[in-house]
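Mind having a look at this structure? Questions to follow.
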Amino acid sequence: MKRIFKTLLSLASSCFLIGLVLISVSAKGYKIRPEAPKMKSVSNVKQGLCVSWIRVDNAEGYIVYRQKSGSENWKKIDEVKSGKNSYIDKTVKNTVKYKYVVKAFNGKLKSLQSPNPKSKTYVAVPRIKAVKNVKSGIRLRFERSKNLSSVCVYRRIQGSENWKKIATLSGNSNSYTDSRVKSGEKYSYQVRRVIGKAMSAKNANIVSNRFVAVPGRLVAKGKLDSVLLSWKGVPGANGYKVFRKTYDGSWKQIGTARTNSYHDKNAPVGEYVFYKVCSFIDSKSVSALSKASFAKLIDPKKPMVALTYDDGPYRPVTNQILDVLEKYGARATFFVVGSRVSTYSDCIRRANSLGCQIGNHTYNHKTLTEASDSQVISEISTTNAAIKRCIGKNASIVRAPGGSTSSRVRSLVNYPLINWSVDTLDWKHRNTAKVIASVKSDVTDGSIVLMHDLYSSTGNAAEVIVPWLINQGYQLVTVSEMMYYKGINMTKGNVYSHA
Ligand code: ZN
């Protein structure tokens, strides 16, 4: 009985052991086929297309398959051997559409492919190639791409977290100028490409730039021996760089200014010299270059002529003459009548700003030889007071009406008196051709030419005689400049008709 029990026990235990072994063997060999995973999405990321799906039970990993648009074939592109549920396909080509499915696997058992393929066009992130300050704002240049429906530009102002779309451009664009910028502010940019509903990732190479405005209204004025530059300053700028070039040279920086003016004492003489300026905040924040302005320093060894215009100003004619002088970088002298100064102050200020000289031609165009002593004095002084109110300085030369002087007049006038050597008689014939002919036949080095800026015939003549004289090699200067360069020291009460 005891033996039987023992045998039964050992039998039972061996059965149990065998059973245990059997169960463990079958557990090791039995695998369950996973279900087909469902696709979740395909989206554009920085490195490629990011494919994601919904995890399934019993999956050791997933196999990703791809079908290129226009092809019938599904191609296995990779295996993900973990419980991951996404994959970045980096082997995609820009603007090509791809369709994706995945299969789950468990050992050698593979699921069916996803029942809901997902597709997307890959849109590569465009590289921004350059960002720089231009006159109208900040200019971006970026890679161009074919087949795009549009390109979007995003901006973030320094200190802000928010990117804001500032422009939608046509698909083949490769540049954009952001003109809604403020000097001193720093901006970051990124660009995204769009094809239909697909859009490139956002994390482009982000570029930043501080905008610095361009100095405005640069004026180069030829002084006696130097060029004086002035411009409209940029608020917040820490300084300005000044550039110069001659007609056949290249732009070179010649100096730095802290305020909005610069004196170029080394400008070459006798040729046109061009200038540009830019503003800066620091070495990395520099504006674009301004519009150029030019000046010409007089060469004392070359011939020169002083054109003079009396009896004005008269807006239509004076401005016509000033337009010509400005165009050719030339200067003239305007002997103004004092009673006209306040009415035509704009003309006088413009002439002065172009480097022209303003002379005194009495207040009422009074013939001084017929005026009393006190009248002579007041005719001159009231005119100078009016000129000073207009341009901040007195006239330093006087032309007597009709050129009529006497020893009495000369002793009363506290300034040099200027007559002329070429009389065009423009007031008498009012004929453009005759003004031109008179200048062409009578002018020589040192001539002072008499005209009147009251007649359109004289204004029209300026359009011909200014370029003609320059072509003949004459430098068009003011009366005082001509005397300076010719070494004539004018003194009060003396009459000068030429240099
Ligand atoms: Zn006159």
Side-chain angles (χ1 to χ4, degrees), residues 305-322 325 331-345 347-348 351-352 356-372 375-387 390-391 394-406 408-410 412-432 434-435 438-439 442 447-462 465 478-480 482 490 493-498:
V305 167
L307 300 179
T308 66
Y309 292 95
D310 291 9
D311 297 2
Y314 176 52
R315 202 166 281 113
V317 178
T318 310
N319 275 330
Q320 184 184 8
I321 294 164
L322 291 174
L325 295 172
R331 299 190 279 280
T333 302
F334 292 85
F335 287 99
V336 301
V337 172
S339 61
R340 302 175 74 92
V341 168
S342 65
T343 310
Y344 296 104
S345 58
C347 298
I348 296 177
N352 182 59
C356 292
Q357 186 170 15
I358 307 301
N360 184 323
H361 197 39
T362 75
Y363 200 82
N364 299 298
H365 206 261
K366 187 109 186 150
T367 303
L368 295 178
T369 46
E370 294 165 4
S372 69
Q375 278 177 326
V376 170
I377 290 165
S378 85
E379 282 286 326
I380 304 299
S381 64
T382 50
T383 302
N384 258 6
I387 291 171
C390 183
I391 58 169
N394 281 321
S396 60
I397 49 175
V398 169
R399 174 168 284 162
S404 310
T405 61
S406 62
R408 181 182 66 94
V409 168
R410 288 198 297 273
L412 290 169
V413 174
N414 233 352
Y415 299 94
L417 287 145
I418 310 300
N419 278 357
W420 53 86
S421 58
V422 175
D423 191 350
T424 61
L425 297 173
D426 63 334
W427 60 275
K428 205 171 175 183
H429 52 64
R430 305 195 189 176
N431 180 308
T432 300
K434 286 184 178 173
V435 176
S438 163
V439 170
D442 297 347
S447 286
I448 297 176
V449 181
L450 173 63
M451 289 173 285
H452 299 79
D453 52 337
L454 292 179
Y455 314 111
S456 59
S457 48
T458 300
N460 294 339
I465 58 177
T478 68
V479 169
S480 287
M482 188 161 77
M490 292 192 291
N494 279 314
V495 181
Y496 302 86
S497 302
H498 60 83

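Note that the structure is a prediction, hence the values are computed from the model and not measured. Side chains are part of it too, since the values below use all heavy atoms of this structure and drop only hydrogens, waters and symmetry mates. Counting convention: from 1, in listed order, for ligands and their atoms alike.
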May I ask you to test the F335-T308 pair for a side-chain heavy-atom distance under 4.5 Å?
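The answer is yes, as the side chains (C-beta and beyond) meet within the 4.5 Å cut-off.
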
Are any side-chain N or O atoms of T362 and backbone N or O atoms of I380, one a donor and one an acceptor, separated by less than 3.5 Å?
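No; judged by distance alone, with no hydrogens or angles, the pair does not exist.
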
Please enumerate all residues that pass salt bridge (charged side-chain N to carboxylate O under 4.0 Å, His left out) together with D310, with sequence neighbours excluded.
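By the salt bridge (charged side-chain N to carboxylate O under 4.0 Å, His left out) rule, D310 matches R399.
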
Taking the side chain from Q357 and the backbone from S480, do they hold a donor-acceptor pair closer than 3.5 Å?
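Yes; at least one donor-acceptor contact below 3.5 Å.
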
Side chain T478, main chain C356, donor-acceptor under 3.5 Å:
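No.
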
Nearby protein N/O/S atoms (those under 2.8 Å) for the Zn ion (ligand 1), with water ignored:
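D311 OD1, H361 NE2, H365 NE2, with waters left out.
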
Spell out, as yes or no, whether a donor-acceptor pair under 3.5 Å connects the side chain of S406 to the backbone of V409.
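Indeed, once roles are kept as given, a pair shorter than 3.5 Å links the two residues.
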
